[in-house]
2 protein chains.
Amino acid sequence: MFRLNKLTDYGIVLMTSIAQHPELQNARDLSAASQLPLPTVSKLLKALSHVGLLVSHRGSKGGYSLSRRPNQISVAEIIDALEGPIGFTECSVAAGSCDLEPSCVVRRNSKVISLALLGALENLTLGDLMQPMELAGLKPRSNIVSSINLISGGVQ
Amino acid sequence: MFRLNKLTDYGIVLMTSIAQHPELQNARDLSAASQLPLPTVSKLLKALSHVGLLVSHRGSKGGYSLSRRPNQISVAEIIDALEGPIGFTECSVAAGSCDLEPSCVVRRNSKVISLALLGALENLTLGDLMQPMELAGLKPRSNIVSSINLISGGVQ
DNA sequence: TAGATACCGTACCAATTTAGTTCTGTATAT
DNA sequence: ATATACAGAACTAAATTGGTACGGTATCTA
Ligand code: FES
Ligand code: FES
């Protein structure tokens with residue numbers, strides 16, 4: 001399936017949850033709030049603070065908080081932290097990973113699609129996830145092959 | 001990694017290859033052309049014809065051909081055939097697959113993102129993959145959260 | 001300063017998925 | 001008739017995923 005792993009999804013849930021409650025929160029609280037098992041929550045928070053998206057505070061009264069403001073943290077970063085580089089296909093991300101690279105008919109275009117996907121997810125932030133988003137009508141295709149548009153803040 | 005499986009990528013390669021050579025092609029020829037092992041090619045072609053994207057002809061002089069014109073076959077269909085439904089997260093595609101659905105803070109937005117992703121891949125066709133694509137500049141974000149634009153036929 | 005709290009790091013495990021193979025059967029062209 | 005080539009299912013090994021366990025360290029509080 002062309003989808004995020006469950007753990008990555010959980011990571012996004014946790015990040016959003018932290019964003020919505022700016023005060024310091026520990027793993028146990030987040031586990032309770034999210035309904036996820038504590039060891040799993042703990043593992044995810046560790047990974048997220050390891051790459052600098054969260055700041056951890058040890059000891060009694062410790063916990064985690066965002067390292068930046070929600071609209072400065074992209075979904076792309078979260079995904080990258082929890083399941084590695086974003087891309088359409090492996091070949092288009094990890095050069096040299098594929099034997100048929102030299103002769104492959106779609107390699108170049110896969111790269112373009114990867115960049116588009118990455119760009120979209122870099123533009124999407126925790127700040128957006130915190131509020132209801134809406135889907136803008138997809139433009140009719142002309143020579144525009146593909147277009148994704150998401151609008152946040154549903155006055156539309 | 002947020003990526004297609006290798007086999008799906010191979011499937012896209014094969015479909016593109018078939019699109020570029022309209023005459024009937026058998027599994028062996030396609031294997032040779034793509035540099036992929038015959039059993040793998042065979043398995044992929046079976047799956048693709050099983051969902052009606054390819055038409056198969058048995059017996060001597062048999063082979064496969066596209067069931068529709070290249071620009072009538074979307075990349076979304078190919079992906080769906082080879083690795084199941086497209087979506088951002090599992091929760092946003094398979095209702096009831098997640099225990100935390102009732103309380104999940106991102107579920108609704110995940111659904112929106114899934115629809116956007118699906119829409120983009122439905123708009124992208126084999127016809128587009130056959131020629132060099134280009135990436136249009138991403139619009140600066142205003143209240144447009146995310147935008148993917150791919151332009152094909154690189155006069156731009 | 002003792003003790004409780006809570007993160008850190010790593011290693012581990014079971015279950016699933018992925019990638020790839022094998023083999024028997026059936027339809028078709030020559 | 002026969003060789004060709006797809007159909008379909010079963011099977012395997014390796015990699016990944018989801019989830020757990022545990023000894024160690026920093027920090028707050030009493
Ligand atoms: S399939 Fe690997 S480069 Fe195209
Ligand atoms: S994580 Fe499953 S519904 Fe949000």
Side-chain angles (χ1 to χ4, degrees), chain A residues 1-11 13-14 18 23-32 34-65 67 79 82-85 89-91 94 97-100, chain B residues 1-11 13-14 18 23-32 34-65 67 79 82-85 89-91 94 97-100:
Chain A
M1 328 140 222
F2 187 42
R3 316 213 191 112
L4 292 183
N5 295 331
K6 273 192 170 183
L7 285 177
T8 307
D9 188 9
Y10 296 160
V13 170
L14 290 173
I18 294 173
E23 67 276 11
L24 211 60
Q25 292 185 85
N26 66 28
R28 172 162 8 205
D29 295 343
L30 288 166
S31 164
S34 65
Q35 310 264 40
L36 291 167
L38 177 55
T40 299
V41 169
S42 192
K43 177 180 180 171
L44 287 169
L45 295 174
K46 275 180 241 181
L48 290 165
S49 71
H50 196 263
V51 298
L53 293 176
L54 290 178
V55 176
S56 69
H57 300 271
R58 296 216 245 194
S60 178
K61 291 281 182 181
Y64 295 90
S65 58
S67 66
I79 294 173
L82 297 177
E83 60 177 61
T89 63
E90 184 175 335
C91 313
S97 67
C98 185
D99 295 340
L100 37 142
Chain B
M1 331 140 219
F2 187 44
R3 315 212 192 112
L4 292 183
N5 296 331
K6 274 191 169 184
L7 285 176
T8 307
D9 188 10
Y10 296 161
V13 170
L14 291 172
I18 294 173
E23 70 280 4
L24 210 62
Q25 292 184 86
N26 67 28
R28 173 162 8 207
D29 294 343
L30 287 166
S31 164
S34 64
Q35 311 264 39
L36 290 168
L38 177 55
T40 299
V41 169
S42 191
K43 177 180 179 171
L44 287 169
L45 294 174
K46 276 180 238 181
L48 290 165
S49 73
H50 196 263
V51 298
L53 292 177
L54 290 178
V55 176
S56 69
H57 300 270
R58 297 217 244 194
S60 178
K61 290 280 182 184
Y64 296 90
S65 58
S67 66
I79 294 173
L82 297 178
E83 61 179 58
T89 62
E90 184 175 336
C91 313
S97 67
C98 184
D99 295 340
L100 36 143

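All of these numbers come straight from a predicted model, not from anything done at the bench. Because only heavy atoms are used, hydrogens play no part in the values below, and waters and symmetry mates are left out as well, while side chains stay in. A note on names: the letters A, B, ... follow the listed sequences, proteins ahead of strands, and every chain is numbered from 1.
The distance from the CD atom of Q35(B) to the CG atom of D99(A) is 9.0 Å, given to the nearest 0.5 Å. Atom CG of D9(B) is separated from atom CG of L100(A) by 8.0 Å, given to the nearest 0.5 angstrom.
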**OP:** Decide side-chain contact (heavy atoms from CB on, under 4.5 Å) for Y10(B) and L82(B); before the verdict, give the C-alpha distance in whole Å, the side-chain angles of both, and the deciding distance to 0.1 Å.
**Re:** CA-CA 10 Å; Y10(B) 296 161; L82(B) 297 178; over 6 Å; no
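To the nearest angstrom, P of dG20(C) lies 8 Å from CG of L36(B). We find that CG of L14(A) is positioned 14 Å from P of dG18(D), with the value rounded to whole Å. Atom OH in Y64(B) sits about 15 Å away from atom P in dA27(C), given to the nearest Å. Atom CG of L45(A) and atom C1' of dA6(C) are 12 Å apart (whole Å). Between R3(B) atom CZ and dT17(D) atom P the separation is 10 Å, expressed in whole Å. Spacing between atom CD of Q25(A) and atom P of dA6(C) amounts to 13 Å, rounded to whole angstrom units. dA5(D) atom P lies 11 Å from atom CG of L38(B), rounded to whole Å. The CG-P distance, from L82(A) to dT17(D), rounds to 12 Å in whole Å.
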Output one line per pair: protein atom, nucleotide atom from nucleotides 15-19 of chain C, and distance, for all N/O pairs under 3.5 Å.
from    : atom 1 : to    : atom 2 : distance (Å)
dA19(C) : OP1    : K6(B) : N      : 2.9

Show me the donor-acceptor pairs within less than 3.5 Å that the side chains of residues 43-50 of chain A make with the rest of the protein, sequence neighbours left out.
from   : atom 1 : to     : atom 2 : distance (Å)
S49(A) : OG     : L45(A) : O      : 3.4
S49(A) : OG     : K46(A) : O      : 3.2

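What you find for S34(B) and V41(B) is that their closest heavy atoms are OG-CG2, 4.2 Å. Looking at every heavy atom in both residues, K61(A) comes nearest to L24(A) through O-CD2, 3.5 Å.
Here the side chain of H50(A) is nearest to one of dT22(C), dG9(C), dC7(C), namely dG9(C).
In this structure, the side chain to side chain contact (heavy atoms under 4.5 Å, CB included) partners of S97(B), at least two apart in sequence or on a different chain, are E90(B), A94(B). N26(B) meets the side-chain hydrogen bond (donor to acceptor under 3.5 Å, both in side chains) test with no other residue; sequence neighbours excluded. With sequence neighbours excluded, no residue satisfies side chain to side chain contact (heavy atoms under 4.5 Å, CB included) with S60(B).
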**OP:** List the protein contact pattern of nucleotides 23-30 of chain D with one symbol per nucleotide (5' to 3'): B for base contact, S for sugar-phosphate-only contact, - for none; contact means a heavy-atom distance under 4.0 Å.
**Re:** -BBBBBS-
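Looking at which nucleotide of DNA chain D each of K46(A) and S56(B) is closest to, the 5′-most match is held by S56(B).
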